[in-house]
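What you see below is based on every heavy atom in this structure, not just the backbone, and it leaves out hydrogens, waters and symmetry mates. None of the values given here were measured: they were computed from a predicted structure.
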Amino acid sequence: MKRQSKLGKLLAYASEIIRPPERLAAIEWMQKYVPTPSSHRSPTYDLDKSAFMVPVLQAVTEEGCSEVHCMMGVGMGKSETFIASASWLLAHRSFATMMVAQTQAESQIFVETRLMPSLLLNEQVKPLLPTRARDIQKKKILFPNGKPLHFGSATMSTLQSKSLDAVFLDEIWLYDEGLLEEARRRTHDRANSIVFSASQAGIEGDQLDRAFHDSLSHVWGYKCPACGYEQRHSWGQMRWDLDEARGKDGAINWTTLNDTIRYECINGDCNHEYRDTPQDRYEMNNIQGRYLCDNNEGAKPGRKSFRASAVAACWIPWSKLVGEWLTAIRDLKHDGNRESKRIFIQKRLAESYAEEEVAIKFENNHGEPYNLEDYKDGKPYDVEGFIERGRFLCIDVQQDHFHFACYAFSAEANLALVDIGRCETWGSLFSVQRANKVQNRFVLIDRGYKTAEVAVQAKKAQSESPMDRDRWVPMAGSSAKGFAIKINKGGKTYLNAVSQKHNSAQGCNHTYRNHSNIMIKDDVESMLNGNTINTLRIPMDAPKDYIESITKSETRKRVKGVWTWVKSPGKVGDNNHQFDCLCLAVAGLCLYQVKRIISEGDK
């Protein structure tokens, strides 16, 4: 009897350890076993409010799908989806995997603060982790089955050195062109291999945008419960009543505005709308929400892509999105700053940003007609709608002569051309300065040519004007997208269009400033094309080559994937001196904070 008892216990134990594994669909397994300790919404991977992520995960885990691209806004759970899908692959498939971030430092932070804490708390994955310390490294975890989990940066060397079954690409919009194709080559066309990217949107025509349209693409939307019409999310259907929310002083009452926000059905015969409440946002996206497939004929086999804007995330109030959009439109109209709008389109709407080649037209002058002679002697340009606060003398230095333009400026950051010409000597420039009564600190001179000589003359200005102890301000155009400027002590840091002072190695205790060519020239274009409240006034007798210079000498184009301003070909492009002088004047407005061109918001 005793031996039978032991045998019975042995059989019971054997039946326990050879019990068939629990069979759960991939989505159910992730929600049951994947912890998300870094998430502020749920301690475990929860898709209850993220219906837009379910088809993405189904595509990643299904057989026969070799490439999945997920283009979504910030704060929509892309990182948790990476962790959940990687955990499922580790538990169910013997895959050599690599997770790629933009830099090695970002990759390491992701592993240490998000991935490893989740794997160690996952009761299905933790037993699979290696027990030897040497098998867990900064750039790799080597599992007992011999399959590695690599962590790397988005570099050519990283994506050329490994043979992989699965490649996870984070924020691919930041990668150098060609790295997506390198990632595809790492899988060696193996059966059931997968390339999975999760990212915000980038620029129209970049490798992410091409991959999205090369795939069977899906866009998140919903079915209207009133008329049954299925529609993709469109920012144009988000409505609010701005006039109703403005006070007598024109300021926006945000509480009043938020009460008017709603999303309207795109069907013109239907009056259904969702209000900006948690209940309505949930119903729209998690009950009525669905992906609508484009069924594009050019889709390559085995590739799927998904796009969902921040409107799909029911935890993000629409009032927050509307506030960001109105700020972006204000920046564009008041400062000609496109950055806020670009950021909103890419990070919130998850749409590839379409930049166009920009040509300057300047079809409309502003203010009452006037002639150069009216204000050439320093007489203040005080007319209706424009009270002169000072003048900039802007000098473009050439090898053997100088081009100059003198602009009066107002407190509203408007400009008026009051003098223009060419000088052969430094002495002539000092005479022009005196005639126009320009203070030394408002003389902005290009230091691209004759850098040392410019430094000497900038200092000499002090002796030429004994009552003016400032020097001229040498300026240098820069390819930088902006310069970090702290507005006040303990305040926020911004990217501004003009840098702090730099010390020069050219002697005579010389300082100069850089200005961002792309930011300044974009602002000039907005001013001339009427896309900002700031205006430029031009006299009736302005030289013809002046108009040609500021409108035709340079064009905004995309060169090697980067948007920049380039000279027009031939004589038209050579005549860019007055365009450069106008750019110096706008840089002066920024330098003395008459206006501030700010990019990217908080840094």
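Remark: aromatic rings of F151 and F110 are distant, center separation not under 6.0 Å.
Put simply, the side chain of D470 does not reach to within 4.5 Å of the side chain of Q439, judged on heavy atoms. Looking at L326 and W240, their side chains come closer than 4.5 Å, going by heavy atoms from C-beta outward. No side-chain heavy atom of F392 sits under 4.5 Å from any side-chain heavy atom of V438. Counting heavy atoms from C-beta on, the side chains of K78 and E171 come closer than 4.5 Å.
Atom NZ of K341 has 12 or fewer neighbouring heavy atoms from other residues, nucleotides or ligands inside a 6.0 Å radius.
Side-chain contact of N575 with D545: a donor-acceptor pair under 3.5 Å is absent, judged by distance alone. At a cut-off of 3.5 Å, with distance as the only test, a side-chain donor of E112 or Q108 sits close to an acceptor on the other residue. Under the 3.5 Å distance criterion, with hydrogens and angles disregarded, no donor-acceptor pair is assigned to the side chains of E351 and W235.
The backbone N or O of D209 lies less than 3.5 Å from no partner atom in the side chain of S352, so there is not a single donor-acceptor pair.
Every residue was checked against the ring-ring contact (aromatic ring centres under 6.0 Å, His included) condition with F404, not counting sequence neighbours, and none meets it.
Minimum heavy-atom separation, I520 to C583: CG2-O, 3.4 Å.
Comment: R210 engages E177 in a salt bridge, judged by a side-chain N to carboxylate O separation of less than 4.0 angstrom.
Judged as a salt bridge (Lys or Arg N to Asp or Glu O under 4.0 Å), the pairs with a partner in residues 389-399 (not counting sequence neighbours) are, in order, E388-R391.
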**Request:** Start with the C-alpha gap between S340 and D331, add the side-chain angles, then the distance that decides, and say whether side chain to side chain donor-acceptor pair (under 3.5 Å) holds.
**Result:** CA-CA 7 Å; S340 298; D331 289 350; 2.7 Å; yes
**Y175 and L208: CA distance, side-chain angles, deciding distance, side chain to side chain contact (heavy atoms under 4.5 Å, CB included) verdict** = CA-CA 9 Å; Y175 292 10; L208 174 58; over 6 Å; no
